[in-house]
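Here the structure is laid out as structure tokens; the discussion comes afterwards.
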Amino acid sequence: MDIFNGLNTAQKTAVEHIDGPLLIMAGAGSGKTKVLTCKIANLLAHGVAPYNILAITFTNKAATEMRERAVRMIGAPAQSVWLSTFHSFCARFLRYEIEHTGIYKKNFVIYDSGDSQTVVKICLKEMNLDEKQFTPNSVQSAISNAKNMLMGPRAFERSASTFFEKKVAEVYSLYAQKLRANNALDFDDLLLVAVALLEENEEVRERYQQRFRYVLVDEYQDTNGAQYQLTKLLAAKHHNLCVVGDADQSIYGWRGADIRNIMDFEKDYPESHTIKLEQNYRSTKTILAAANAVIENNENRKPKKLWTENATGEQIISYFATDERDEARYILGEITRQNTIYNVLYGDMAILYRTNAQSRVLEESFMREGVPYTMVGGLKFYDRKEIRDMIAYLRVVFNPVDTVSLMRIINVPKRGLGDTSLGRLNAYAAQNELSLFDVISSPDLIEAVPGLSARARNALEKFSVFIFELITAQETMTVHAFIEHVLQSSGYMAELESEEKPENISRIENLKEFVGVAKDFEKTTEDEPNLENFLSQVALISDIDSADMEEERVTLMTLHSAKGLEFPVVFMAGMEEGLFPHVRTLMEPDQLEEERRTCYVGITRAQRKLYMTHARMRMIFGHTTSYLPSRFLKEIPDACIERISADSNEGFGSRTNFGRQEYTNFRPSKRQMGGDVSQTNTPPKSAAEVLGAMHRTVPQQPAAAVNMAGGPIRPDMDVKWSVGDKAKHGKWGIGTVVSVKGSGEEVELKIAFPGQGVKGLMQKYAPIAKV
DNA sequence: GAACCATAGCTTTTT
DNA sequence: GCTATGGTTC
């Protein structure tokens, strides 16, 4: 396969470039991933060993995709290119080299932000600091910021000026000490320790600089100080550094990303070349014009204008809802409409919002209407109690000095070890400079702890024997078998099974899924499928990595998570002053510009059709608040956007109503919107016209016709349902109708799906067919 | 030591 | 409006 096939001139130049620093300024949708992939393929084609290439992406998912694409292009050698995120790279690097620090041991564990917050809280408590003034969150983020700027506790203390900062410096120091004692690294440490090791150890540095002859970094605009330094160190020998990014899409300033890293690349590497990719292949002219118009309002930016040869496309729709429930209803209506009339697959639509809190109302609507969806973030799988408990068990087995994890499970399930006993144990351990595990693993030491009841002593000895048994068992078992073993032998499963509460049932489900995750890991990992690598992978997995977007589901996620993705139809919800841009950014011009970039990212995710919605009032913290429409809406030229409102009752203004009543009977028209953007050359001028046209020309045809072809199941109003009928649902499989209520448009069905309970469905929305 | 109830605090965005 | 936490009670 020809590597240069289908590339434009600028893209070709970028791919052809081999030696020396290169900056690729790649606008949204300009084929950046394609260029990077082709570049890797081209390096390999030029005889560069896969072993000599390091490519850094923003998510694990992007890394996997890029690897697969490169393998398809050039074959097996691409398999062994070192391709990962900054954090995974560091974790792997440290797994080999960390003992050179003389501080950490090879079996270190990685703490996520939850674990790290637990440690911060312990520190605050120990230092008797007021949690009102020093909130765990603010302290944690201050420490994190310091780390991202490569400042250790001492450096931070030196730079501290306010009382708050000086105290935080103390907390930082204690926090770092605790992590070291637990042989644990937090996310920021992965970078920090890797950089420190490379800086201090010449032998290691030499070895890795020698090895990585070519370094490629994606999303360079979102690198922070530590990542910048790491990149610089690794590329220092060969200077074959290629960075790709778009300053207009820098949206992670709040977590230490420094836009100057990309702005100043040419200063850092004076011999560098710069290539601009400005042709957009993703969006319609309308969408691109809107994006350009919005981003132009930023003062601090280099001028750039994306252009496209794609069709003009339809206008953007701005819908003014009465409240967040009306907003959700409108969006669901449009999604069903897009799906039923235009045959847009659910998987081709996404809803983007600024804050996770907005997802709840939307989610409820999806459930009520039976439309399949997948949510990125929110209630995270790995944040669930039972999963964290299991991970804590695994971590203790892997690294027993991890006291945070040990404390988490020592009395889970209940072993009669309460706060009092544990307090005594911890006090004793601290006094004698032992880890908690040191104490409980020795009967003599347990005996020596003052004030322990006989019952507690007994329980502790049993527990420590149990942990030792697990450590032995682990050595000969696969990860998934070991997890199952822990679940059984700890009594964790038994405790959940003892009571048939619905939450217990879902916990058991989740734990089963966790075993599945381990099985999957054993099958797919490129490293040894051992506990060590499993724990690393689990710690560094992100929401976007684990989201299942292949399936036929609408995706719900924050604007931040959406970076790098694209969808034919996009909804941006909550376009209100105070929500987006968020209140906390209104005072700071820099932060406001970042909000605008976030908006730019959102708009440019859309390929064909973009909806933006805002609500007159919205429930926040249980109180109704009213917001003005977002300034970003006003920045979009009138020609690009059609504004409709829930309040106006004339003509097509009352679209909500229309949407709810009439669309299910239209036959899907693939040509209208289903094809490639570039093929829709004469699109109607406005959505109103589309609808008008639909009224006149689309014949009334039962949607069921689609089912015959084996396509997705669509709502069908012509079917008469009665109790006892068997119904096939797109997601839940086959069920039995248990009740039918209402008539006409309002037919409401209750259907029992085996193993999934009774679901309430509106016939006009439900993707069901008679069996 | 555990179960229950009240209340505060929360919401920016995440590896 | 929800949830995580802390206090109170048995």
Side-chain angles (χ1 to χ4, degrees), chain A residues 56-63 84-91 110-114 116-118 121 131-132 135-137 140-141 144 147-148 185-192 219 222-224 226-227 250-257 324 352-361 364 376-380 382-383 385 411-423 453 455-456 459 536-546 557-563 574 578-586 588 591-592 594-595 597-599 601-602 618-625:
Chain A
I56 303 281
T57 57
F58 201 65
T59 63
N60 292 301
K61 193 173 180 177
S84 62
T85 65
F86 271 112
H87 287 87
S88 312
F89 168 77
C90 290
I110 300 167
Y111 279 3
D112 64 22
S113 24
S116 118
Q117 187 163 96
T118 311
K121 279 185 191 158
E131 281 211 14
K132 292 247 159 52
T135 60
N137 261 330
Q140 191 185 16
S141 75
S144 174
K147 287 186 176 184
N148 287 334
L185 281 82
D186 65 20
F187 286 145
D188 305 317
D189 283 336
L190 290 171
L191 298 161
L192 193 69
E219 308 281 9
D222 284 321
T223 50
N224 63 30
Q227 293 165 336
S250 162
I251 57 174
Y252 283 97
W254 52 274
R255 71 170 199 209
E324 77 274 18
L352 312 180
Y353 36 78
R354 180 65 235 274
T355 68
N356 277 309
Q358 289 166 256
S359 67
R360 177 180 292 127
V361 187
E364 280 166 9
V376 178
L379 24 100
K380 299 167 195 163
Y382 290 98
D383 273 351
K385 183 184 175 300
N411 199 31
V412 179
K414 309 264 180 309
R415 298 187 174 90
L417 294 164
D419 290 346
T420 331
S421 306
L422 292 176
S453 67
R455 218 169 71 196
S536 291
Q537 193 185 96
V538 163
L540 295 176
I541 206 150
S542 69
D543 297 321
I544 195 84
D545 295 329
S546 53
M557 66 186 145
T558 62
L559 288 150
H560 285 82
S561 302
K563 197 165 71 130
L579 227 202
F580 189 34
H582 197 270
V583 238
R584 294 174 62 157
T585 65
L586 296 178
E588 275 296 321
Q591 289 188 38
L592 194 77
E594 182 155 309
E595 292 288 283
R597 290 195 293 270
T598 307
C599 183
V601 168
R618 189 179 288 276
M619 192 87 108
I620 287 181
F621 299 149
H623 290 285
T624 309
T625 332

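Below, chain A is the first sequence line, B the second, and so on; all start at residue 1.
One P atom belongs to C/dG6, the other to B/dT11, and the distance between them is 16 Å to the nearest Å.
Aromatic stacking is marked for A/Trp254 over B/dT13, as both cut-offs hold: 5.5 Å for the centres and 30° for the planes.
Residues passing the salt bridge (charged side-chain N to carboxylate O under 4.0 Å, His left out) test with A/Lys414, sequence neighbours excluded: none. For A/Arg618, the salt bridge (charged side-chain N to carboxylate O under 4.0 Å, His left out) partners at least two apart in sequence or on another chain are A/Glu327, A/Glu576. When the side chain to side chain donor-acceptor pair (under 3.5 Å) test is applied to A/Thr420, no partner is found at least two apart in sequence or on another chain. With sequence neighbours left out, A/Asp188 forms a salt bridge (charged side-chain N to carboxylate O under 4.0 Å, His left out) with no residue at all. Checked against side chain to side chain donor-acceptor pair (under 3.5 Å), A/Glu219 has the following partners two or more places apart in sequence or in another chain: A/Lys32, A/Gln221, A/Lys563.
Atom pair A/Lys385:NZ and C/dT5:P shows a separation of 12 Å (rounding to whole Å applied). Regarding A/Tyr252, its OH atom lies at a distance of 11 Å from the P atom of B/dT13, rounded to whole Å. If you measure from atom CZ of A/Arg597 to atom C1' of B/dT13, you get 13 Å, rounded to the nearest angstrom. Across the protein-nucleic acid pair, A/Met619 atom CE and C/dC2 atom P stand 9 Å apart, rounded to whole Å. Rounded to whole angstrom, the span from the CZ atom of A/Arg255 across to the C1' atom of B/dT13 amounts to 9 Å. Atom NZ of A/Lys61 and atom P of B/dT14 are 15 Å apart (whole Å). One atom, CD of A/Glu219, and another, C1' of B/dT14, lie 14 Å apart when rounded to the nearest Å. Here B/dT14 presents its P atom at 16 Å from CD of A/Gln227, a figure rounded to the nearest Å.
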Seminar exercise, completed: Going 5' to 3' through nucleotides 1-11 of chain B and flagging B where a protein heavy-atom sits under 4.0 Å of the base, S where only the sugar-phosphate is that close, and - otherwise, we get SS------SBB

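Between A/Ser561 and the phosphate of B/dT14, there is a side-chain N or O to OP1/OP2 separation shorter than 4.0 Å. OP1 or OP2 of B/dT13 has not a single side-chain nitrogen or oxygen of A/Thr598 nearer than 4.0 Å.
Heavy atoms of A/Thr59 sit nowhere under 4.0 angstrom from any nucleic acid atom. Residue A/Lys563 is classed as having no contact, given no heavy-atom separation below 4.0 Å to the nucleic acid.
Between A/Thr223 and A/Phe86 the shortest side-chain heavy-atom distance falls below 4.5 Å. Here the side chains of A/Tyr252 and A/Asn224 are not in contact, with every heavy-atom distance at 4.5 Å or above.
Nearest-nucleotide assignment on DNA chain B puts the 5′-proximal partner with A/Arg354, out of A/Ser113 and A/Arg354.
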